[in-house]
Structures are given as C-alpha cells and as structure tokens.
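Encoded as structure tokens, the structure appears first; notes follow it.
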Amino acid sequence: MKIACFSVKPYDREFLLGANSAFGHELTFLEPHLSRETVALAAGFPAVCVFVNDRLDRPVLEGLASGGCKLVALRCAGFNNVDLPSAAALGITVVRVPAYSPHAVAEHTVALILALNRRLHRAYNRVREGNFALDGLLGFDLHGKVAGIVGTGKIGAVVARILHGFGCRLLATDAVQNPDCLSLGVEYVPLHGLLRQSDIVTLHCPLTPQTRYLIDSHSILEMKAGAMLINTGRGALVETTAVIEGLKRGKIGYLGLDVYEEEGDLFFEDLSSQVIQDDVFTRLLTFPNVLITGHQAFFTRNALEAIATTTLANVGAFEGGRPSGNEVRG
Ligand code: NAI
C-alpha cells in the first residue's frame, strides 16, 4: 500500500525500511509534522503513518479524506492526538501499536527516579568540572519507600515489578485491578489516598478528557511534602503551571518528565541554537530538582523494531480487508 509517513527521523526511516522487506509497502518519508499546513502532502496516499505530535484534528482529517486517505496508522500507543469521532464520520480507520515494549518506558521511568534521587544529572556535571563535593547530592534508600502507580496497564505493571525488586511498598490507582500487580502485593487505593501516602507518584494512564490535569493544584496539595512526581505518560496529565508552584513551595521535591503538555513545538527537534519561546518550559529547566527528557522513554532498539513491524502489519491487514485488532474507535 502507498503510505505517506510524517514526522520521519532517520531512525524511523531505518526501522520502517528494515521491517518493510517483509511487507513490500510503498513508503514515502516526509520530515514535517502532519498539520493543516502539510496535509496536502498526503493527497493521493490511501494511508498515512503518523507519530505522537502529529495533530489529527477535524480539518486535518477532512484534508486527508479529500485526498483519498482511508487509513491513519499511528506508530505509537497513545491516540489522544486524533479526533476519533471525526475520523469515523469521514470513513477513516485509525490503527495504533498498543504494545511494543512496556519495558522500554518502564525502565526509563525508573531511570528518572534513580537519577533524580541520587542527583546523577548534577553529579555528572560536577565530576566533569573536577568538583567532587557531595553537598546537595544526598539521596534516600528506595527500599521501604512508598511508590504510587497511577494506571497499572502494561507499562505500570512493569514499573510495579521493577520497584517491587527495590523493596518499595506499592500503591496503585486504576479502575481495573491487574492480577500481576495484585500478586506482587500492590494495594489498590483511590487517587487521593495514593497521593497522600506516596513518596513517589508515577503516571501511566492514558490522556483522556477524564485524566487531563489529573495532577493539578488540588491534587498537589494532597501529595506528601517533598514527594517525587514522575510523568512518562502524556504531558497534559499534569498541569505544568501548578507543578511549578508546587516546586517553588517545596511541596514537590523532585520532578521527572519525559512528556510535556506543549511538547509538540519542542521535542524531537534540535533547538540548541534557538531561543526557546516557551517560558513555562524554560522555568522548569531552572530547578535543580527537575529532570526532563524529550519523549525518549519508548526509544529502544527493541521498541522501534516492534513499532515498525506492527505498524506495517496493521496497514497490511487493512489492505487485505482483515481486522488487525489494533483499530481505535472513538
Ligand atoms: P494500557 O492501556 O496498558 O494501561 C493504561 C492503564 O491506565 C489501564 O489499566 C487503564 O485502566 C488505566 N487508567 C485509565 N484511566 C485511569 C485513571 N483515571 N486513573 C488510573 N488509571 C487509569 O497502556 P500502557 O501501554 O501501559 O501505556 C500507558 C500510557 O503511557 C499510554 O497511554 C501513553 O500515553 C503513554 N506512553 C508513553 C510513552 C513514552 O515514550 N513516554 C510510550 C508509550 C506509552
């Protein structure tokens, strides 16, 4: 099938081409994001392949439909960037990669926890400058600490297993209790109970209208003083301005982010020679107890291979009139 692939980086090209030898699709690689300005590039393609920061709102979907597009293949798990009811109304099928490597994201989550706790981001710079002083690098034992996991699906369950290995007490919030987590001894509690008791709060639920700003000024008030907040889910799970206030007051003791609510204008690009215009983001960068990575939690070789294979298989199934099982509906 002819597929217009948007937001393509060299690594996407490498893994999509590698996987495509088994499928034989006709791939066209495009660097720009899919947007109202770039949708014309998709004209004549029955399928587009997109990523997390391509915005598929109603006008973009209308543009796709008028260009003959019948399939949107997301090469990611989250689908909060697609207006699903509009896609359905326009006769566009949406498929995604629901699971590629929960380990990739879970392990990055734990990397953020460990690095923040032991201040590795600061220690790295100090040692390079010949400063071997330990002041300001004091950490805590993870063993015995309470970790609160919001969302115990595929990724949250792996985080639970890893933190269980560290000897953490585990709390979780999820409407669906995961048997793997229950067998580890995870205690399911309502969100406010989790926030009140947890030394570390880590977010692994999808972004939906219900979970938008799950962490806002009210929920921050409920958190333990000096707690660690980690978000590798989606940026808008957290109200960034409220978190900045929480950091200033010392209510939030550590913040680890792999996602940011306005990341679409920043992440995945080299902006090192430019002045960043987002004042909220730049304020976050000034805190010594904040560690931000640019949506890289998924970024392992294993995950990219699995994403490419599943994405191209999803397109193949659609082309053959078969359900892939990875369709998303509004
Ligand atoms: P999943 O669908 O396996 O699990 C999500 C869990 O969240 C489910 O158990 C669901 O019941 C629960 N949930 C839904 N609403 C909730 C709420 N209000 N409170 C608590 N729990 C709630 O999804 P998976 O694979 O574990 O991924 C989770 C999220 O991680 C994705 O939706 C995506 O946004 C994000 N993600 C981030 C990546 C990154 O590179 N930073 C890569 C992959 C996923």
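Numbers here simply count residues along the sequence, with the first being 1. Atoms within each ligand, like the ligands themselves, are counted from 1 in listed order. Side-chain atoms are counted along with the backbone in the values below, which use heavy atoms only and exclude waters and symmetry mates.
Of the N or O atoms in Tyr100, none lie within a sub-3.5 Å distance of an N or O in ligand 1. At under 3.5 Å, not a single nitrogen or oxygen of Gln296, backbone or side chain, sits near a nitrogen or oxygen of ligand 1. Some N or O of Phe298 is nearer than 3.5 Å to an N or O of ligand 1, by distance alone. Looking at Lys154 next to ligand 1, an N or O pair under 3.5 Å apart turns up. At least one N or O atom of Ile155, backbone or side chain, sits closer than 3.5 Å to an N or O atom of ligand 1.
Residue pairs that meet the side-chain hydrogen bond (donor to acceptor under 3.5 Å, both in side chains) test with at least one member in residues 11-27, sequence neighbours left out, do not exist here.
Here is the list of ligand 1 atoms found below 4.0 Å of a heavy atom in Thr173: 20 (C), 21 (N). Near Cys205, meaning under 4.0 Å from one of its heavy atoms, ligand 1 places the atoms 7 (O), 13 (N), 16 (C), 21 (N), 22 (C). When each atom of ligand 1 is checked for a heavy atom of His295 under 4.0 Å away, the hits are 39 (C), 40 (O), 41 (N). Atoms of ligand 1 found under 4.0 Å from any heavy atom of Asp258 (numbered from 1 in listed order, with element): 39 (C), 40 (O), 41 (N). Each of the atoms 6 (C), 7 (O), 8 (C), 9 (O), 10 (C), 11 (O), 12 (C), 20 (C), 21 (N) of ligand 1 lies under 4.0 Å from some heavy atom of Asp174. Those atoms of ligand 1 that come under 4.0 Å of a heavy atom in Arg234, given as number and element, are 33 (C), 34 (O), 35 (C), 36 (N), 37 (C). Taking every non-hydrogen atom of Val150 and a distance limit under 4.0 Å, the qualifying atoms of ligand 1 come out as 20 (C).
Heavy atoms of Leu207 stay at 4.0 angstrom or farther from ligand 1. The closest approach between any non-hydrogen atom of Ala175 and ligand 1 is not below 4.0 Å. Gln210 does not count as a contact of ligand 1, since none of its heavy atoms falls under 4.0 Å from the ligand.
In this structure, Phe6 has its ring center at least 6.0 angstrom away from the ring center of Phe51. Taking the centre of each ring, Phe268 and His295 come in below the 6.0 Å mark.
Between the side chains of Ser183 and Asp180, no donor N or O sits under 3.5 Å from an acceptor N or O. For Thr293 and His108, the side-chain atoms include at least one donor-acceptor pair closer than 3.5 Å.
One finds no salt bridge joining Arg234 and Glu263 here, because no Lys/Arg side-chain nitrogen approaches an Asp/Glu carboxylate oxygen to under 4.0 Å. A salt bridge is defined here as a Lys NZ or Arg NE, NH1 or NH2 lying under 4.0 Å from an Asp or Glu carboxylate O, and Glu187 with Arg169 meets this definition.
Compare Pro206, Gly151, Ala303 by their heavy atoms: the one nearest to atom 14 (C) of ligand 1 is in Pro206. Looking at Val159, Val105, Thr211, Thr232 and measuring to atom 37 (C) of ligand 1, the nearest heavy atom belongs to Thr232.
The aromatic rings of Tyr100 and Phe298 sit perpendicular to each other, their planes meeting at more than 60°, with 30° as the lower class boundary.
For Arg283 and Phe287, the positive end sits near the middle of the six-membered ring, less than 6.0 Å away and at most 45° from its axis.
The protein heavy atom nearest to atom 4 (O) of ligand 1 is Gly153 CA, 3.2 Å.
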